[in-house]
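Working notes, structure below.
Numbers here simply count residues along the sequence, with the first being 1.
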Amino acid sequence: MSISLRKHASRLIAAALAVSAMASVSAAALEQPVAVLSSNLNASVGTVLTSDEINTAEQALSKAKAEAEAQKKAKAEAEAQKKAEAAAQAQAQAAATAKKDAYNKLLNDPVTAKTVSYSTSLLATEAIKSNAKSLGNYKLTFYCPCAVCNGAADAKTASGTTPTEGRTIAVDSSVIPLGSRVYIEGYGVFIAEDTGGAIKSNKIDVLVSSHSRAYDLGVKYANIYLLG
């Protein structure tokens, strides 16, 4: 065997042993040159090696590289998994915050005059379903501020407010306390401001601006949520 072949084989053995020792520390060890050999390995430079010994050295080096690469891959996968979990947690937190903010708007934003009409855009959201108290399905009737509906034209509500379409509803105050914010699914947020002799249990009278509109709207049914 030539000197160059012996040197090649010895270097393979040295590299295999060095990489095997360093693989558990870092995959980056594969990229670093072997600077120092043991006395036994140095002595092997002058030894005639068989082809089997050369093959064994090459296999050892290949195995060491594979183990180091496997560790490097496992570490990268663990870091990627950790980042993914952190991102998912942040996303869930952001969604929870957005849901809470949306519900707080329902509790705190002014309930102003608006035309009462059904809209699918006003179906109960997850924020409402998870935070408000569900009262079940209620019968909805409609009334106006006229003397026929309200007992006297331009009369105040039971709570002393001016009846306003889009804000005022009449409720059974033993079930829904006056002043409560109520979400009528499909219609939006209202305030329990009025009562009525015929308004008992799971029935709500929704104020609209005219007798004709109250008549046209007739009787509806909707899920009711007590906001506060």
Is there side-chain contact between Val116 and Phe142, with heavy atoms separated by less than 4.5 Å?
yes

Derivation and outcome, side chain to side chain contact (heavy atoms under 4.5 Å, CB included), residues Thr168 and Tyr143:
CA-CA 10 Å; Thr168 302; Tyr143 75 113; 3.7 Å; yes

Any chance you could lay out the side-chain hydrogen bond (donor to acceptor under 3.5 Å, both in side chains) test for Ser201 and Asp172, step after step, and finish with the verdict?
CA-CA 6 Å; Ser201 188; Asp172 181 344; 5.7 Å; no

Within one Ile-Leu-Val-Met-Phe-Trp-Tyr cluster: Val171 and Val111, side-chain cutoff 4.5 Å:
no

Counting N and O atoms only, with roles assigned by atom type, does the side chain of Arg167 sit under 3.5 Å from a partner on the main chain of Phe190, one being a donor and the other an acceptor?
no

Has the side chain of Ser180 got a donor or acceptor atom that lies under 3.5 Å from a matching backbone atom of Val182?
no

Is Leu123 reachable from Tyr225 through a run of hydrophobic residues whose side-chain heavy atoms are each under 4.5 Å from the next?
no

Any chance you could measure Ile176, atom CD1, to Lys133, atom NZ, to the nearest 0.5 Å?
9.5 Å

First locate atom CD of Glu79, then atom CD of Glu77, and finally report the distance between them rounded to the nearest 0.5 Å.
11.0 Å

List the atom pairs, donor and acceptor, that lie under 3.5 Å between side-chain atoms in residues 91-99 and the rest of the protein, sequence neighbours left out.
{"residue": "Thr97", "atom": "OG1", "partner": "Gln93", "partner atom": "O", "Å": "2.9"}

N/O donor-acceptor pair under 3.5 Å between Arg181 side chain and Leu226 backbone
no

Without hydrogens or angle criteria, can the side chains of Thr115 and Ser117 be said to hold a donor-acceptor pair below 3.5 Å?
no

First locate atom CG of Leu227, then atom CG of Asn108, and finally report the distance between them rounded to the nearest 0.5 Å.
10.5 Å

Looking at every heavy atom in both Cys144 and Cys149, which two are closest together, and how far apart are they?
O-CB, 3.1 Å

With rounding to the nearest 0.5 Å, note down the distance linking CD in Glu185 to OH in Tyr118.
6.5 Å

cation_pi(Lys220, Tyr187) dist<6.0 Å, angle<=45
no

Flag the pair Ile224 / Ile204 as yes when at least one side-chain heavy-atom distance between them is below 4.5 Å, and no otherwise.
yes

Side-chain heavy atoms of Asn131 within contact of Lys100, under 4.5 Å:
yes

Would Val206 and Ile184 count as a side chain to side chain contact (heavy atoms under 4.5 Å, CB included) if you check the C-alpha gap in whole Å, the side-chain angles of each, and the deciding distance to 0.1 Å?
CA-CA 10 Å; Val206 182; Ile184 302 177; 4.1 Å; yes

How far apart are the C-alpha atoms of Leu135 and Asn202, what are their side-chain angles, what is the distance that settles it, and do they pass the side chain to side chain contact (heavy atoms under 4.5 Å, CB included) test?
CA-CA 8 Å; Leu135 299 181; Asn202 60 337; over 6 Å; no

Separation between SG (Cys146) and NE2 (His211), nearest 0.5 Å, reads 5.5 Å

Hey, what do you get for CD1 (Ile169) to OH (Tyr138), rounding to the nearest 0.5 Å?
9.5 Å

Verify same cluster id: Val208, Leu140 (apolar side-chain graph, 4.5 Å):
yes

For a quick check under 3.5 Å, do Lys156 and Thr162 share a side-chain donor-acceptor pair by atom type?
yes

Assess the side chains of Glu193 and Ser159: does a donor N or O sit below 3.5 Å from an acceptor N or O?
no

Give the other cluster members for Val219, using side-chain heavy-atom distances under 4.5 Å between Ile, Leu, Val, Met, Phe, Trp and Tyr residues; answer none if it is isolated.
Tyr221

Decide yes or no on side chain to side chain contact (heavy atoms under 4.5 Å, CB included) for Lys105 and Asp101, but give the supporting numbers first.
CA-CA 6 Å; Lys105 283 177 65 66; Asp101 288 345; 5.8 Å; no

Mind listing the closest non-hydrogen atom pair of Ser209 and Pro145 along with its distance?
O-CD, 4.0 Å

Using the side-chain contact (heavy atoms from CB on, under 4.5 Å) definition, which of the options Asn150, Asp194, Thr164 pairs with Thr157?
Asp194

How about Lys63: does its NZ atom have over 12 heavy atoms from other parts shown lying under 6.0 Å from it?
no

